[in-house]
Amino acid sequence: MEIAVISGKGGTGKSSISAAFATLSDKVILADCDVDAANLYILFNPTHEEEQIYIGGQKAIIDYSKCYNCGLCVSYCRFDAISFVNSKVTISEVSCDGCKLCSRICPANAISMVNSDKSLMYTGTFRNGKMVYGRLAPGEENSGKLVNMVRDKAKTIAEAENIETIIIDGPPGIGCPVISTITGVEHVVIVTEPSMSGLNDLQRTIEICSKFNLTTWVIINKSDLNPEISNKIQEFCLSHNINFLCRLPFDPEVVKAMINKKTIPEYMPDYEINKLLKNALNIIMNYGR
Amino acid sequence: MKIAIASGKGGTGKTLVSTNLFYSISKQNIKNCFLVDCDAEEPNDMIFFKGKVEKTFDVNQKVPVINESKCTYCGKCHEFCNYNAIFILPSAKIIKVIEDLCHGCGACSVACKFDAISEKEVSLGTISRFYFNKSSTIVEAKMKIGVMSPVPVIKAAVKETGNEGIIILDSPPGTSCPFIQTVATADYVILVTEPTPFGLSDLKQSVDTLKTMNKPCGVIINRSGLGGNEIYDYLNQCNIPILMEIPFDKEIASHYSKGELFVKYKKEWEQHFISMFNSIVEKYGNSSN
Ligand code: SF4
Ligand code: SF4
């Protein structure tokens, strides 16, 4: 069973909650799909067992010994990536989308494509199971392909090791990597916080989940920071047929747990917040059984 | 001059800084002052402002339409498409454009020798321009739900400013493509972080990325007092200036959660933002414009 923890907005405590889920139950596979800001390895310090290169995309480069500056590529590129800089045809690495059209039409055969191969996927063991995480190299297009690769790997290991639960820590936003994270999972848990922007993001996130017909749950983290908006969020969930899971209190100890490289259940097992999380995970696990 | 407000991790207070900074300087009668909400997946800046919509327009992308009566199923378009967006099965005379994968590069149209491909426009999102006061404008980029990448919408929003005056870019989280697109045009980058292990890890990644791009940057530590000291050591070591520290303060959090600008209530902060802004402009403002 795959449980994906996401949050429209970043910084809602999503990763702390997925980390808690990963240490609350029997052995799990933990898939860190927040490939743009993979963080869970800090808490879990997993062993390095396997490393795989992820080819993100391509970039065009010009061989100036062949280029005769005709400028044909400039007119073909739709991403405004090629222009004359000091009257020399130049490709901007930032703007190049990697479509390869310039390389195909260049009459001098001066443009070739290079693979972006700086991103990696790691597999290892952590204290409550196995962990898979991706690390996107800076500037790579976060296309969701790396997310898929991480999820596939997690599933393969789950089968091989006979572990039932996969906890996925998802990326923020609602774009391609999020869609890749949630398609086909059994449960999506959206972690939000009680602010107008939190509510705004939640609505957009729910909309994307309903497009995919997923069992969706909502947790309000730090709910007591603004009880009024928390109520609003809860009402919104009720009126939209979204399963409301729980409200978690704001507790500065959560940050301390993180600084001590511990998860909530490990650092503060007797706190209210831990009981609420345990209960929440139980509800999800037993849903529909 | 363009100043990008960014953070590796989401939810560190990027929007808090962008909106309060913009508000503080917009009262200084600077000619052409812009706030651009580049967080197109989850734009939130307008929650904090009331502004009249001056104009809105769609950002479109082209996708191919295949005229099957002219198509010979030669497969050339499929071969040219570097994104696997054209599915073809010549033996069964099936050809299909997978619009979600298409980047609109136009390669397939160039490839087709039988004039079977035309193009239509699909919307990727909208740009809205709001009047704030006679010298200040807010531009919002909003990606349509279900679209894969926010990059084209971000590019269009930045372009809408005309690239003149003081432009504050509220950048998307992370260090992948959307972030790079935003900061690539900036003269200076303010990184907003929080003093936690997750915050530090993401900060390091952002700093490394900015270094390779040769962008000067400074850091604002948000919710200071909640975490540890590692971040100060790191910044010291790397010689990165701390521009400002915003303490964890329930009042600030509460204003933010209600969609209010805290500088309106804590007037001394308006001055802090203005002085920070002035010293950045003094040092880095002359490189362009
Ligand atoms: S590969 Fe495509 S996007 Fe890149 S420079 Fe060539 S034409 Fe432009
Ligand atoms: S426009 Fe480019 S990305 Fe789209 S189908 Fe044609 S070749 Fe593929």
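The structure displayed is predicted, hence computed values, not measured ones. Chain letters run A, B, ... following the sequence lines, proteins first and then strands; every chain starts at 1.
Looking at A:Leu199, neither its backbone nor its side chain comes within 4.5 Å of chain B, counting heavy atoms on both sides. B:Pro172 does not touch chain A: none of its heavy atoms, backbone or side chain, sits under 4.5 Å away. Heavy atoms closer than 4.5 Å to chain A are found nowhere in B:Pro150, neither backbone nor side chain. Neither the backbone nor the side chain of A:Ser7 comes within less than 4.5 Å of any heavy atom in chain B. For chain A, the nearby part of B:Ile47 is the side chain; its heavy atoms alone come within less than 4.5 Å. Using a 4.5 Å cut-off between heavy atoms, B:Val147 contacts chain A through its backbone alone, with no side-chain atom that close. Of the atoms belonging to A:Glu93, not a single heavy atom falls under 4.5 Å from chain B. Proximity to chain A is absent for every atom of B:Ala111, based on heavy atoms less than 4.5 angstrom apart.
A side-chain donor-acceptor contact under 3.5 Å links A:Asp36 to the backbone of B:Thr175. Checked by atom type and distance alone, the side chain of B:Tyr83 pairs as donor or acceptor with a backbone atom of A:Cys99 at under 3.5 Å.
With sequence neighbours excluded, the residues forming a ring pair (Phe, Tyr, Trp, His ring centres under 6.0 Å) with A:Tyr41 are A:Tyr133, listed by chain and number.
In the displayed structure, A:Asn115 atom CG is contacted under 6.0 Å by more than 12 heavy atoms of other residues, nucleotides or ligands.
Residues A:Ala38 and B:Ser201 share a closest heavy-atom pair of O-OG, 4.3 Å. Residues A:Ile174 and B:Met143 share a closest heavy-atom pair of CG1-CE, 4.0 Å. The shortest non-hydrogen separation linking A:Ile179 to B:Gly146 is CD1-O, 4.2 Å. Closest of all the heavy-atom pairs between A:Ser15 and B:Phe198 is CB-CE1, 3.5 Å. Closest non-hydrogen pair, B:Ser257 versus A:Ile229, comes out as O-CD1, 3.0 Å. Nearest heavy atom pair, residue B:Thr196 against residue A:Met258, reads CB-SD, 3.7 Å.
With contacts defined as side-chain heavy-atom distances shorter than 4.5 Å, the pair B:Thr15/A:Ser197 does not qualify. Counting heavy atoms from C-beta outward, B:Lys250 and A:Phe250 have side chains that approach closer than 4.5 Å. A 4.5 Å side-chain heavy-atom check between A:Met196 and B:Glu260 finds every atom pair outside the cut-off. A:Val94 has its side chain within reach of B:Gln181: a pair of non-hydrogen atoms, C-beta onward, lies under 4.5 Å apart.
Looking only at heavy-atom pairs under 4.5 Å with chain B, the residue among A:Glu228, A:Lys100, A:Arg104 that has the most is A:Arg104. Counting heavy-atom pairs closer than 4.5 Å to chain A, the top-ranked of the candidates B:Asp45, B:Thr12, B:Val110, B:Asp100 is B:Val110. For the set B:Asn44, B:Asp208, B:Ile180, the count of heavy-atom pairs under 4.5 angstrom toward chain A peaks at B:Asn44. Interface check for chain B: of the options A:Ile259, A:Leu43, A:Leu225, the most heavy-atom pairs under 4.5 Å are formed by A:Ile259. The choice from A:Val178, A:Asn39, A:Thr12, A:Ile105 that makes the most heavy-atom pairs within less than 4.5 Å of chain B is A:Asn39. The most heavy-atom pairs under 4.5 Å with chain A, out of B:Gly174, B:Cys105, B:Gly13, come from B:Cys105. When each of B:Gly199, B:Gly104, B:Ala253 is checked for heavy-atom pairs under 4.5 Å with chain A, B:Gly104 comes out on top. Counting heavy-atom pairs under 4.5 Å between each of B:Glu194, B:Met213, B:Lys155 and chain A puts B:Lys155 at the top.
Between A:Asn200 and B:Glu42, the side chains place no donor N or O within less than 3.5 Å of an acceptor N or O (distance only, hydrogens not considered).
Within the structure, the salt bridge (Lys or Arg N to Asp or Glu O under 4.0 Å) test picks out the following pairs touching residues 188-213 of chain A (sequence neighbours left out): A:Lys9-A:Glu193, A:Glu193-A:Lys222.
Of the residues listed (B:His103, B:Lys62, B:Gln61), the one engaging A:Arg78 in a side-chain contact (heavy atoms from CB on, under 4.5 Å) is B:Lys62, and it is the only one.
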